[in-house]
Amino acid sequence: METEEMHRRTVDWWRSCVETVGEDEWGAPTPCASWDVRKLVNHVTGEDLWTVPLLEGSTIEDVGDRFDGDVLGDDPVDSAQSAAGSAVTAVADLLPQRDTVHLSYGEERADEYIWQLAADHLIHGWDLAVATGGDTRLDPELVAALDEWYSSREEMYRGAGAVGARVALNGNAQHDLLARFGRDEDWAPTAS
């Protein structure tokens, strides 16, 4: 799957999950133990906000602390949707012109950075859906594409502390992808 399509489709999934968050669900627990729903949405929204300047060629130092803290404000759904839309537009318009981006750990290929974002949108979309009682079925094409990309990166992610311990695999593609990202597909809000 092409990078831009993967990004757009995973962001579409993320946006559909954000759209269903109820007013009383922002404090609900998520599979990310230290994040409630609002902190999870804030994290991904922050990543979406970073996408535009990084693809425009800015460095971490150029952006500074502009996206630190709460980026959701009084209307978290609108803030998340707006940032996601801007990120999709930036990827479509700027990715073809950008070879590398400057990340916290140094220079990275721009297409690799976009796959990292796609992974976060898909996996954190599942986190959000399960935390709010939404539809947790992932698109099998997205699961297969992300699985192929992630297979050579899993140990690097785990070694860097970016994902939790692997959960037991069972041969189901969605279950196994989530498990490799440290997610227990049987997690429920009451389990935390």
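Side chain of Ser82 to main chain of Asp78: no donor-acceptor pair is present (N/O by atom type, distance under 3.5 Å, no hydrogens or angles). Gln97 places a side-chain N or O within donor-acceptor distance of the main-chain N or O of Asp93, the cut-off being under 3.5 Å. Judged by distance alone, the side chain of Arg98 and the main-chain N or O of Glu56 form a donor-acceptor pair under 3.5 Å. Of the possible donor and acceptor atoms, none in the side chain of Arg9 sits under 3.5 Å from a partner among the backbone N and O of Ala118. Of the possible polar contacts, one joining the Asp176 side chain to the Asn170 backbone as a donor-acceptor pair under 3.5 Å is found. Under the 3.5 Å distance criterion, the side-chain polar atoms of Arg166 are left unmatched by any main-chain donor or acceptor of Phe181. With hydrogens and angles ignored, the 3.5 Å screen pairs no side-chain donor or acceptor of Asp99 with any backbone N or O of Ala110. For Thr30 (side chain) and Trp35 (main-chain N/O), a donor-acceptor pair under 3.5 Å exists by modelled atom type. Side chain of His121 to backbone of Arg8: no donor-acceptor contact under 3.5 angstrom is found.
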### Task
Kindly determine whether Cys17 and His124 satisfy side chain to side chain contact (heavy atoms under 4.5 Å, CB included), including the steps that lead there.
CA-CA 9 Å; Cys17 294; His124 285 319; over 6 Å; no
### Query
So Tyr150 and Val163, side chain to side chain contact (heavy atoms under 4.5 Å, CB included) or not? Walk me through it.
CA-CA 12 Å; Tyr150 187 59; Val163 297; 3.6 Å; yes
### Task
List the steps and the verdict of side chain to side chain contact (heavy atoms under 4.5 Å, CB included) for Leu178 and Val167.
CA-CA 8 Å; Leu178 291 167; Val167 176; over 6 Å; no
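In this structure, the separation between NE2 on His175 and CG on Asp184 is 7.5 Å, given to the nearest 0.5 Å. Taken from CG in Leu177 to CZ in Arg183, the straight-line distance is 10.0 Å, to the nearest 0.5 Å. The distance from the CZ atom of Arg109 to the CD atom of Gln116 is 9.5 Å, given to the nearest 0.5 Å. The distance from the CH2 atom of Trp14 to the OG1 atom of Thr45 is 6.0 Å, given to the nearest 0.5 Å. Within the model, atoms CG of Asp147 and CD of Gln174 stand 12.0 Å from one another, a figure rounded to the nearest 0.5 Å. Between Trp149 atom CH2 and Ile114 atom CD1 the span is 11.0 Å, to the nearest 0.5 Å.
Among all heavy-atom pairs drawn from Ala168 and Ala179, the shortest one is O-CB, 4.0 Å. Of all non-hydrogen atoms in Phe67 and Pro53, the two that sit nearest each other are CE1-CG, 4.0 Å. Considering every non-hydrogen atom in both Val63 and Ser58, the closest pair reads CG2-CB, 4.0 Å. Minimum interatomic distance between Leu122 and Leu138 (heavy atoms only, all atoms of both residues): CD1-CD2, 3.9 Å. Heavy atoms only, all atoms of each residue included: Leu40 and Leu128 are closest at CD2-N, 3.7 Å. Contact between His43 and Asp120 at its shortest, heavy atoms only, is NE2-OD2, 3.4 Å.
Using a 4.5 Å cut-off between side-chain heavy atoms of Ile, Leu, Val, Met, Phe, Trp and Tyr, with links allowed through other members, Val101 and Leu94 fall into the same hydrophobic cluster. Leu49 and Leu117 fall within a single hydrophobic cluster, where Ile, Leu, Val, Met, Phe, Trp and Tyr are joined by side-chain heavy atoms under 4.5 Å apart, directly or via other members. There is a path of hydrophobic side-chain contacts, each under 4.5 Å, that joins Trp126 to Tyr157. One hydrophobic cluster holds both Trp13 and Val130 under the rule that ILVMFWY side chains link at heavy-atom gaps under 4.5 Å. In the hydrophobic cluster analysis, where Ile, Leu, Val, Met, Phe, Trp and Tyr join through side-chain heavy atoms closer than 4.5 angstrom, Leu55 is grouped apart from Met6.
For the pair Arg38 and Asp36, the salt-bridge criterion is not met [side-chain N within less than 4.0 Å of a carboxylate O]. Salt bridge Glu19/Arg15: absent, no basic N to carboxylate O contact under 4.0 Å.
Thr100 and Glu107 share a donor-acceptor pair across their side chains, judged by distance under 3.5 Å alone. Under 3.5 Å, the side chains of Asp62 and Thr59 contain a donor-acceptor pair of N or O atoms.
Heavy-atom contacts from other residues, nucleotides or ligands closer than 6.0 Å to CD of Glu61 number more than 12.
The ring pair (Phe, Tyr, Trp, His ring centres under 6.0 Å) test applied to Trp26 returns no partner, not counting sequence neighbours.
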